[in-house]
Amino acid sequence: MSSLATGLRILARLDAPSARLSVTDTAAALHLPKSTVSRAMRDLAAAGMLERAPGERGYGVGPALFRLGGLYKAARLPVDELDRGLAALTARFPATGYIAVLRGADTVILRVREGTHPVRVGQREGAVLP
């Protein structure tokens, strides 16, 4: 197993921001030698992925993971989250669905999901309607 794979398996054991990983427990859970886990955790801490609080045993979430989490969250736009709900609605009902926002007195169409009804009046994404 590569050291990258070992590090990723260790990071996958973090299930809460307050989680603490000990070398002994992590090695047992992953069926790896303690020396391998200890070295990997030290390397992850040096990279900022894990952090050891002064006076505490074990490792917790490091600042680099928070930065990566922020990048992941920023890449997911709220309209993408809404689009999943819109897709479910248009699958259930025959009408075309829209996600739109008000900009002053105008409506801007952000997403369109075509319905299955034979009669359709549609607007394209990006259209600005009074």
How many angstroms lie between atom CG of Leu11 and atom OG1 of Thr6, to the nearest 0.5 angstrom?
11.0 Å
Cluster overlap Leu68 with Met41, hydrophobic side-chain contacts below 4.5 Å:
yes
Answer with yes or no whether the hydrophobic clustering places Phe66 together with Leu8; edges join I, L, V, M, F, W, Y residues whose side-chain heavy atoms lie under 4.5 Å apart.
no
Before you tell me yes or no, could you show the steps for Arg113 and Asp83 under side chain to side chain contact (heavy atoms under 4.5 Å, CB included), namely the whole-Å CA-CA distance, both residues' side-chain angles and the distance that decides it to 0.1 Å?
CA-CA 8 Å; Arg113 288 283 182 161; Asp83 190 46; 2.8 Å; yes
What's the shortest heavy-atom distance between Ala64 and Ala47, and which atoms?
CB-O, 3.8 Å
Kindly compute the distance separating NZ (Lys34) from CG (Asp25), expressed to the nearest 0.5 Å.
9.5 Å
Where Gly62 and Glu51 come nearest, the two heavy atoms and their spacing:
CA-CB, 3.9 Å
What's the separation between atom CG in Leu14 and atom CG in Leu50, rounded to the nearest 0.5 Å?
6.0 Å
Is there a donor-acceptor contact under 3.5 Å from the side chain of Thr26 to the main chain of Ser22?
yes
What's the separation between atom OH in Tyr59 and atom CZ in Arg20, rounded to the nearest 0.5 Å?
10.0 Å
State whether the number of non-hydrogen atoms from other residues, nucleotides or ligands found under 6.0 Å of Arg57 atom CZ is greater than 12.
no
Exercise answer: donor-acceptor pairs, residues 98-112 side-chain atoms, under 3.5 Å, sequence neighbours excluded:
from: Tyr98; atom 1: OH; to: Val121; atom 2: O; distance (Å): 3.2
from: Tyr98; atom 1: OH; to: Gln123; atom 2: N; distance (Å): 3.1
from: Arg111; atom 1: NH1; to: Asp80; atom 2: OD1; distance (Å): 3.1
from: Arg111; atom 1: NH2; to: Asp80; atom 2: OD1; distance (Å): 2.8

So among Ile10, Val37, Thr36, which one has a side chain to side chain contact (heavy atoms under 4.5 Å, CB included) with Val23?
Val37
As an exercise, state the distance from CG of Leu30 to CZ of Arg9, rounded to the nearest 0.5 Å.
4.5 Å
So CG of Leu4 and CG of Asp43: to nearest 0.5 Å the spacing works out to 11.5 Å
Sub-3.5 Å donor-acceptor pair from the side chain of Thr90 to the main-chain atoms of Leu86, do we have one?
yes
